[in-house]
Amino acid sequence: MDNSDIIIAPISATQGGSVNLIRLSGNGVIELVNDFFSREIISSEGGRFYYGQLNKKNETIDDVIVYVFRTPHSYTGEDVIEISCHGNFFITEEIISLFLDRGCRLAEPGEFSKRAFLNSKIDLIQAEAVADIIASRSRRAVKNSLKQLHGSLSVKINELKKELINLASLVELEIDFSEEDIEIIPYDKIVLQLQKVLDEVEKLIDSYESSKSVSDLVQVLLLGKPNVGKSSIMNTFINRERVIVSSTPGTTRDHIHEDIIIDDTFVRLIDSAGIRDKAESIEKEGVSRAKGLVGESDLVLFIFDGSRPLDEEDITIINLVKNFNPDLITVVNKTDIKLHKETISRIQDYFPDTPMVKISATRKTNIDILKKEIARKINTLSDQHTNIVTNIRHYNLLKKAREQTEHALKSTKAKTGPEFLSIDFRSLIDTLGAFTGAVTTDEILNNIFSKFCIGK
Amino acid sequence: MKKYDVLVIGGGHAGIEAASIAARMGMSTALISLDREKIGLMSCNPAIGGLAKGQLVREVDALGGLMGRIIDDSGIHFKMLNTSKGPAVQSPRAQADRPYYARVAQSYLSGRKNLELIEGRVNDIVVSSGRVEGVVLSCGTRIFSRAVILTAGTFLNGIIHVGLNQLAAGRAGDLPAKGLSETLSALGFRTGRLKTGTPPRIHRDFIDYSAMEEQKPDEIPKPFSFSTDKIDRRQISCFISYTNERTHDILRQGFDASPMFTGRIKGVGPRYCPSIEDKIDRFADKNRHQLFLEPEGYHNREVYVNGFSTSLPAEIQEKAIRTVRGLEKCKIVRLGYAVEYDFFPPDQLKATLETKPVTNLYFAGQINGTSGYEEAAAQGLMAGINAALKLAGREPFVLKRSQAYIGVLIDDLINKIHEEPYRMFTSRAEFRLLLRQDNADLRLMDEARSLGTVDEKAYEKMTCRREQIEKLKKDVLGRKVSMEEFNRLYNGVSTPVKQNHTVEKLLKRPEVSLKELLSLIKTETYMDSAILDVEFGVKYAGYLERQAALMEKFLKTEALIIPPELEYEKIGALSAEAREKLSVLKPRSLGQASRISGVTPSDISVLMIYIDKFKKTGVSRGTALTK
């Protein structure tokens with residue numbers, strides 16, 4: 001809303017390239033970056049670039065080129081800094097986090113352009129395009145958030161939100177309905193519940209910190225019944241590509257997922273076999289977990305054994321896939337053995353508009369074609385930096401939630417009045433609401449009316 | 001033929017304020033009611049104020065309304081609620097001498113310059129090319145006016161239910177206002193249907209008060225009005241009793257003949273004010289419900305059984321109520337009933353309460369889907385003020401959510417879809433800490449002064465208070481308190497200090513009060529209300545700063561006015577739901593738009609672009625902006 005605060009976002013198109021570009025725009029941005037840059041840029045007249053090091057507490061994050069633009073000669077018309085850093089996800093993220101911690105705000109989709117319009121840097125037609133972009137991005141964001149809705153994060157966040165709506169209801173009850181014949185919750189119970197909330201928030205922060213790259217990659221799921229060749233396809237990819245993150249140990253299988261680069265994009269290959277280490281067949285508990293994986297994946301490679309007729313297990317998975325309607329490529333493996341014609345036509349009947357690639361994993365036939373098809377699909381997927389932003393945003397929200405929960409705990413322990421606790425709870429609810437949707441006063445009142453007998 | 005400036009239809013709590021303030025602002029005004037003896041009648045419980053509602057009354061008073069003065073003159077049991085909590089959530093409430101309250105209201109009105117009282121039934125509203133011109137009474141008389149304020153309460157197509165018996169009525173004993181609803185529908189207004197209920201009234205001489213809990217009034221009653229110095233009327237008690245399992249069993253026997261459970265009542269009732277049958281049905285595990293017995297006056301024999309609202313058949317009401325401790329021998333004087341009535345969904349109103357379809361026609365009170373005397377009074381006042389301002393060619397008077405509960409009330413009304421009668425709660429006010437009942441004068445009297453509605457004596461008192469507050473902040477908070485004196489005064493209450501500290505620092509301790517600290521340092525004397533204000537500001541500075549920051553953000557978006565010509569249907573970048581709702585509700589500002597359910601942050605971003613474009617280019621139509 002505020003047109004003068006400093007906003008930041010990566011502006012280079014994809015991950016995995018050799019260079020990433022980050023833009024910051026707003027009042028005081030040159031002074032801000034100057035604090036972390038090895039060279040003095042405050043006296044820069046603008047329209048210049050500087051090579052140097054970006055430092056965080058005497059530790060160099062990266063060698064970068066800093067571009068200085070002074071108002072009005074910049075894209076947004078404001079003072080702008082663009083930082084060109086090495087094309088590594090972690091570096092990009094660290095730089096953005098550095099400035100977020102110093103009071104910058106992540107740019108909303110289209111926000112640089114919006115400012116450009118407001119400062120008369122772009123014209124009406126361009127501004128319309130921005131409005132459309134905002135709308136289309138938000139639709140994509142909805143798609144993204146739907147995807148995450150199946151994931152454990154949203155489940156957790158919603159549980160926490162519910163807990164907090166209950167707490168907020170209890171303090172509102174004490175204020176607005178103190179004349180009713182209703183039992184008031186003792187504060188030590190509130191403390192217990194807040195402690196639980198704090199534990200959960202901390203767990204989420206830990207999980208982000210220990211595996212923060214996970215959801216920033218394009219996730220490609222290898223799906224199919226046992227023995228269709230998932231592991232050999234996985235190995236084929238790994239043999240040909242550099243392994244970036246070591247595989248996760250400690251399960252009965254060696255590889256559950258591997259991170260590779262396809263077409264300049266980070267891709268995480270996930271072997272759905274890994275989800276079956278306890279279940280005998282996919283129809284059992286494996287199904288629900290497979291559902292989760294399909295829901296969270298960006299792309300599914302549905303693998304069939306082309307040398308055999310489709311069986312019940314194939315059909316179960318087909319139905320599951322059809323239910324979710326993910327981005328999909330069907331892969332027919334084992335072309336080195338004689339292909340079963342009916343199998344191929346039946347797959348095409350089930351998925352008429354889906355690309356099909358026939359390969360032999362053992363002989364490495366047509367693997368390039370499969371890679372190309374994956375790359376083509378990836379390019380049509382939601383663009384990368386929406387994902388990054390989403391995740392840095394989540395992390396920051398969680399940190400904010402932690403701070404707010406701690407404050408609420410402190411206030412509760414100090415026996416602060418309900419009208420003040422209410423402010424603590426509501427700001428916490430607002431923070432969590434930024435993940436999965438805002439909560440209004442009406443929802444809190446509804447909760448009160450459904451649980452308590454109000455009204456003399 | 002005489003032409004009035006303002007005609008007010010209805011003599012309830014909205015009508016009284018509307019007529020009084022319009023006349024006070026110099027408009028020639030007439031109030032038309034069915035029966036002038038019934039002006040100011042309290043048709044539900046005999047109490048004014050209560051949580052959040054008390055704040056509304058104080059605000060109405062600060063702005064020059066009558067409700068606070070009337071209750072101060074007629075109250076028989078004053079009580080400040082939530083005194084165990086901070087000043088921000090305390091609210092005054094008072095029981096009224098019911099018949100006397102109405103008489104006081106009538107005497108205020110008959111003494112008002114520029115105001116005439118007319119008895120009659122309004123059958124029709126005259127509208128010509130979209131502008132109101134007056135009304136037609138049932139006797140055929142036409143009365144002309146430049147503005148009309150409709151405050152018809154529950155009288156529009158009112159139906160009263162007692163058991164399976166129905167009766168067309170406005171409230172018990174009064175005829176309904178028929179015809180008006182149809183007239184307004186023909187003018188393009190949408191109507192909805194709501195329901196509310198009342199409990200039976202019982203005869204006080206057959207109540208055994210000794211078997212009940214007594215609730216005493218405050219020892220020193222605090223007045224509602226900033227113009228009242230002191231209340232010295234005799235104060236009497238209320239009493240509390242409870243229903244029991246036997247009561248519930250009997251009530252259940254009547255469920256077959258309940259107009260609610262049998263589906264006869266179509267209107268939606270308020271969840272915060274359920275009938276007793278609803279309570280035992282929905283909360284079956286609760287084995288008792290509290291009843292609050294409110295006396296209706298010194299001489300009035302009727303007692304109001306708050307908590308026993310019901311529309312069950314007469315014999316069930318009688319049998320059930322006699323199972324309550326202390327009411328074994330009671331006699332019902334008037335039966336409980338439910339009333340269904342038409343209302344006009346208030347999204348058809350502007351923030352001034354003028355209707356969108358008809359110029360110079362205003363709606364206030366229960367016909368807007370609210371419940372409560374206080375909510376009605378607040379709307380009546382605002383409609384009256386705005387009608388008068390408009391006729392005088394002056395700028396409208398709209399209160400923001402950050403200024404007053406009245407602002408929250410009207411903003412909620414016009415921006416939300418309402419499914420039950422709307423009642424004020426403090427939780428609805430996001431700036432609750434700032435909107436205290438005790439600072440309504442500081443918040444609103446400057447406004448009232450420029451409107452010309454302020455009570456000069458009260459205004460003087462307020463400015464004096466304001467000066468003292470400033471002085472306390474400037475001269476006293478920074479002064480040091482002697483360590484020895486502090487430790488002596490707070491011996492055993494507060495941890496001893498080891499050096500002299502400032503007043504401000506010591507005040508941060510919950511157990512320390514400003515008044516006590518002032519006794520330790522030499523200062524002039526300050527009024528309690530100033531001391532309270534400063535103490536609150538210091539003790540809760542952190543929270544207040546958070547509210548202030550929130551308010552600043554809020555005001556920024558409020559200040560972004562959406563050009564009324566903006567054609568939402570043509571902005572393809574908005575979500576379909578936002579397009580639809582914005583087209584219907586036509587919000588005035590971006591802030592208002594952001595509070596409409598279904599309008600997302602990205603819709604707001606899109607709107608911002610279009611608003612700025614309007615400003616820059618002066619393009620008056622949305623078409624030029626879209627593909």
Side-chain angles (χ1 to χ4, degrees), chain A residues 1-3 108-111 114 117-118 120 124-125 127-139 141-142 168-169 171-172 174-182 407 411 414-420 422-424 426-427 438 440-442 444-446 448-450 452-456, chain B residues 50-52 81-82 84-86 88-89 93 242 270-274 279 282-283 286 288-292 306-307 309 416 425-428 430 432-433 510 540 543 546-547 553 556-557 571-575 590 597 600-606 608-610 612-613 616-617 624-627:
Chain A
M1 291 293 151
D2 189 344
N3 280 337
E108 304 290 334
E111 196 169 3
K114 188 164 84 190
F117 165 74
L118 296 179
S120 306
L124 285 179
I125 296 162
E128 276 168 26
V130 175
D132 285 343
I133 288 168
I134 292 171
S136 67
R137 293 262 185 119
S138 65
R139 273 190 283 277
V142 168
S169 302
V171 296
E172 294 303 347
E174 196 181 335
I175 299 168
D176 270 336
F177 305 98
S178 60
E179 292 299 293
E180 310 276 344
D181 178 29
I182 274 163
H407 194 273
S411 310
K415 303 249 184 283
T416 312
E419 67 270 41
F420 304 104
S422 155
I423 293 181
D424 283 322
R426 294 231 201 161
S427 37
T440 60
T441 303
D442 288 322
I444 294 171
L445 285 171
N446 287 345
I448 291 178
F449 295 141
S450 69
F452 300 95
C453 183
I454 297 297
K456 284 192 291 208
Chain B
L51 296 165
L81 306 178
N82 265 348
S84 64
K85 302 177 191 84
V89 290
R93 185 186 66 198
Y242 297 91
R271 286 170 302 171
Y272 47 80
C273 192
K279 284 193 264 191
R282 285 182 52 219
F283 297 93
K286 236 185 145 191
R288 67 169 205 183
H289 293 280
Q290 196 185 58
L291 302 178
F292 191 61
N306 200 341
S309 170
K416 287 186 181 169
F425 296 108
T426 71
S427 50
R428 297 196 196 269
E430 44 279 84
R432 174 162 59 193
L433 294 186
Y540 301 106
Y543 285 100
R546 277 164 76 183
Q547 291 245 294
K553 222 169 119 189
K556 254 187 201 168
T557 60
I571 304 177
L574 291 171
S575 70
L590 196 68
S597 73
T600 66
S602 90
D603 292 321
I604 293 300
S605 298
V606 170
M608 266 180 83
I609 288 181
Y610 283 86
D612 279 289
K613 196 172 304 184
K616 276 183 200 283
T617 63
L625 308 172
T626 45
K627 280 168 194 166

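These figures come from a predicted structure and were not determined experimentally. The chains referred to below are lettered A, B, ... by the order of the sequence lines, with proteins before strands, and numbering in each begins at 1.
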* Asked: Say you draw a straight line from CD of Q547(B) to CZ of F420(A); how long is it, rounded to the nearest 0.5 Å?
  -> 9.0 Å

* So, Y543(B) and T416(A): side-chain donor and acceptor under 3.5 Å apart, yes or no? -> no

* Output all residues satisfying salt bridge (Lys or Arg N to Asp or Glu O under 4.0 Å) with R282(B), sequence neighbours left out; order by chain, then residue number. => none

* Asked: Is there side-chain contact between I175(A) and N82(B), with heavy atoms separated by less than 4.5 Å?
  -> yes

* Structure fact -> Nearest heavy-atom approach of F425(B) to D176(A) is CB-OD2, 3.1 Å

* For E430(B), all residues meeting side-chain contact (heavy atoms from CB on, under 4.5 Å), sequence neighbours excluded -> R401(B), V408(B)

* Asked: Heavy-atom distance under 4.5 Å to chain A: side chain of R432(B), backbone, both or neither?
  -> side chain

* To do: Could you please spell out the steps behind the side-chain contact (heavy atoms from CB on, under 4.5 Å) verdict for L433(B) and E419(A)?
  => CA-CA 8 Å; L433(B) 294 186; E419(A) 67 270 41; 3.7 Å; yes

* **R546(B) with D424(A): basic N within carboxylate O range, under 4.0 Å** => yes

* With a 4.5 Å heavy-atom cut-off, do R426(A) and S427(B) have their side chains touching? -> yes

* Measure the OG-CG distance between S178(A) and L81(B) for me, rounded to the nearest 0.5 Å. => 6.5 Å

